[in-house]
There are 2 protein chains.
Amino acid sequence: MKNAETATQLLDAAQQLVQERGYNAFSYKDLAESVGIRTASIHYHFPAKADLGVALMKRYTEGLSEALNSIDRDARSNKGKLKSFIKLYTETEARGAICLCGSFASDLETLPAVLQEAVAAYIELSESWVADTVKAGVGEAEFGFSGKARDVASMLLSSLQGGLILSRARGADQPLLPTVQRVFLKTLGAA
Amino acid sequence: MKNAETATQLLDAAQQLVQERGYNAFSYKDLAESVGIRTASIHYHFPAKADLGVALMKRYTEGLSEALNSIDRDARSNKGKLKSFIKLYTETEARGAICLCGSFASDLETLPAVLQEAVAAYIELSESWVADTVKAGVGEAEFGFSGKARDVASMLLSSLQGGLILSRARGADQPLLPTVQRVFLKTLGAA
DNA sequence: GTCTATAGGCAGATAGAC
DNA sequence: GTCTATCTGCCTATAGAC
């Protein structure tokens, strides 16, 4: 039986490294130093680096799925749901990091196929949830928006991913995501 | 005197590699094979990899500057200018690549300071040009948009950068940038 | 300007002791 | 589960011949 605690520590440290430096720019040595074990021990939990990458995306996608369920359960309005969704990214921006999925996506061509597919699945999950939420808001006359829900959903996801990347490069004193939220809600006719 | 032709070939090949695979995911060996020389010869033109990166961003930023001058000279309307600007990215999407600046930005934390600054400068150039163009369009009553020009400019850049990254991951059959353009122009009240 | 040869270090990964 | 030891290969970079 694997030691779940070490595996979790490895995933936590690896996630931070990928979100800060990128999948190709961190090594098992970096990870070993973060967690306080030797590189050879990491291979016990994740035989190859690709296995670690797949486990990261799996956990991240499950986390998103749970967060979306939470939002659907708790939020009072479709506008509130979308704001809660955007908040998931705002927290990442505050850490000066980028989305795990966005980080993998920017290294896409260097990734094994399973990992590429995991990236696509994460995007699809996000996009369909946003589109459904927009549709619901339009149907309930909460948003004045007229147009394809899929289109604004794509736009939102693109601007969140790009916003995180540009925000970090511009500096912590000029956050972009509040602006993304403002413009997006205005576009929806929900401002 | 350096052989300008080889240096240009190296920059061309390196730019493609960065836009496809990322700065940390290509090597002098890859580059040498692309151009048909030995890795040691690359060091004659670009002593360290960072020098190559800086030269890439310098050339890319100068290219943008020239493209913006061209657009300002030729376009008939502010809407036309913005469409020409977006077209610069559409061509990148068609190649299945991402923006050179976006690629560097996603690896930001692993870059030397000069390169980080070059990334920030490229973003600032783009953003201020878009904001100025939006302002002009609002002033000339071409756009119905009311709000901060800087905000929509940030939004557009974020969605273009993020759009390229997500588009590649979703697959060539579902381009995102036409959608980005449509939603953006609608937001501007220019559709 | 480009080459061969080589340095020195780090990458991911495996074998086998404990 | 974690360790030491080790492998093989690739990385950036340099020295010096041509």
Side-chain angles (χ1 to χ4, degrees), chain A residues 1-18 20-57 59 103-104 106-116 118, chain B residues 1-18 20-57 103-104 107-116 118:
Chain A
M1 190 60 183
K2 294 181 184 181
N3 181 343
E5 218 160 292
T6 302
T8 302
Q9 281 177 40
L10 286 169
L11 287 171
D12 290 344
Q15 181 172 332
Q16 192 175 344
L17 285 165
V18 175
E20 283 173 4
R21 306 172 50 85
Y23 179 69
N24 291 313
F26 88 93
S27 68
Y28 269 33
K29 195 187 169 208
D30 299 324
L31 196 47
E33 283 164 7
S34 279
V35 172
I37 59 176
R38 302 268 136 167
T39 62
S41 311
I42 302 176
H43 288 278
Y44 172 79
H45 300 279
F46 304 101
K49 200 182 178 185
D51 298 314
L52 174 58
V54 169
L56 280 174
M57 277 304 300
R59 190 178 71 152
S103 178
F104 276 121
S106 72
D107 288 341
L108 196 85
E109 309 263 280
T110 70
L111 304 178
V114 270
L115 214 28
Q116 295 189 8
Chain B
M1 191 59 183
K2 294 181 183 182
N3 181 340
E5 218 160 290
T6 303
T8 301
Q9 282 177 41
L10 286 168
L11 287 171
D12 290 344
Q15 180 172 331
Q16 191 174 343
L17 286 165
V18 175
E20 282 173 3
R21 306 170 51 84
Y23 180 70
N24 291 311
F26 88 94
S27 68
Y28 269 32
K29 195 188 169 208
D30 299 324
L31 196 46
E33 283 165 6
S34 280
V35 172
I37 58 175
R38 303 265 130 168
T39 62
S41 311
I42 303 175
H43 288 279
Y44 172 78
H45 300 279
F46 304 102
K49 199 181 177 184
D51 299 313
L52 174 59
V54 169
L56 281 173
M57 277 304 300
S103 178
F104 276 122
D107 288 341
L108 195 85
E109 309 262 282
T110 70
L111 304 177
V114 271
L115 215 28
Q116 295 189 8

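In what follows, every chain begins at residue 1, and chains take the letters A, B, ... in the order their sequences are listed. None of these values were measured; they are calculated from a predicted model.
Among all heavy-atom pairs drawn from I42(B) and Y28(B), the shortest one is CD1-O, 3.3 Å. Between F26(A) and K49(A), the shortest heavy-atom distance links the atoms O-NZ, 2.8 Å.
Distances from the side chain of S27(A) to the nucleotides dG12(C), dT4(C), dT2(C) place dG12(C) closest. Closest to the side chain of K49(B), from the set dA13(D), dC3(C), dT4(D), is dA13(D). In this structure, the nucleotide among dT2(C), dA13(D), dA15(C) sitting nearest to the side chain of A48(B) is dA13(D). Of the candidate nucleotides dT12(D), dC3(D), dA13(C), dT12(D) has the atom lying nearest to any side-chain atom of Y28(B).
Residue R38(B) qualifies as open at atom CZ: its count of foreign heavy atoms under 6.0 Å is 12 or below.
Rounded to an integer number of Å, the gap from CG of L31(B) to C1' of dT12(D) is 13 Å. Straight-line distance from the NZ atom of K29(A) to the P atom of dC10(D): 20 Å, rounded to whole Å.
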Using the side-chain contact (heavy atoms from CB on, under 4.5 Å) rule, take L11(B) and L52(B) through it: C-alpha gap first, then chi angles, then the decisive distance, then the call. CA-CA 8 Å; L11(B) 287 171; L52(B) 174 59; 3.9 Å; yes
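Both Y23(A) and R38(B) sit near DNA chain C, but only R38(B) has its closest nucleotide nearer the 5' end.
For the OP1/OP2 pair of dT12(D) and a distance below 4.0 Å, the side-chain nitrogens and oxygens of T39(B) include no atom meeting the criterion. Between H43(A) and dA15(C) there is no side-chain N or O to OP1 or OP2 distance below 4.0 Å.
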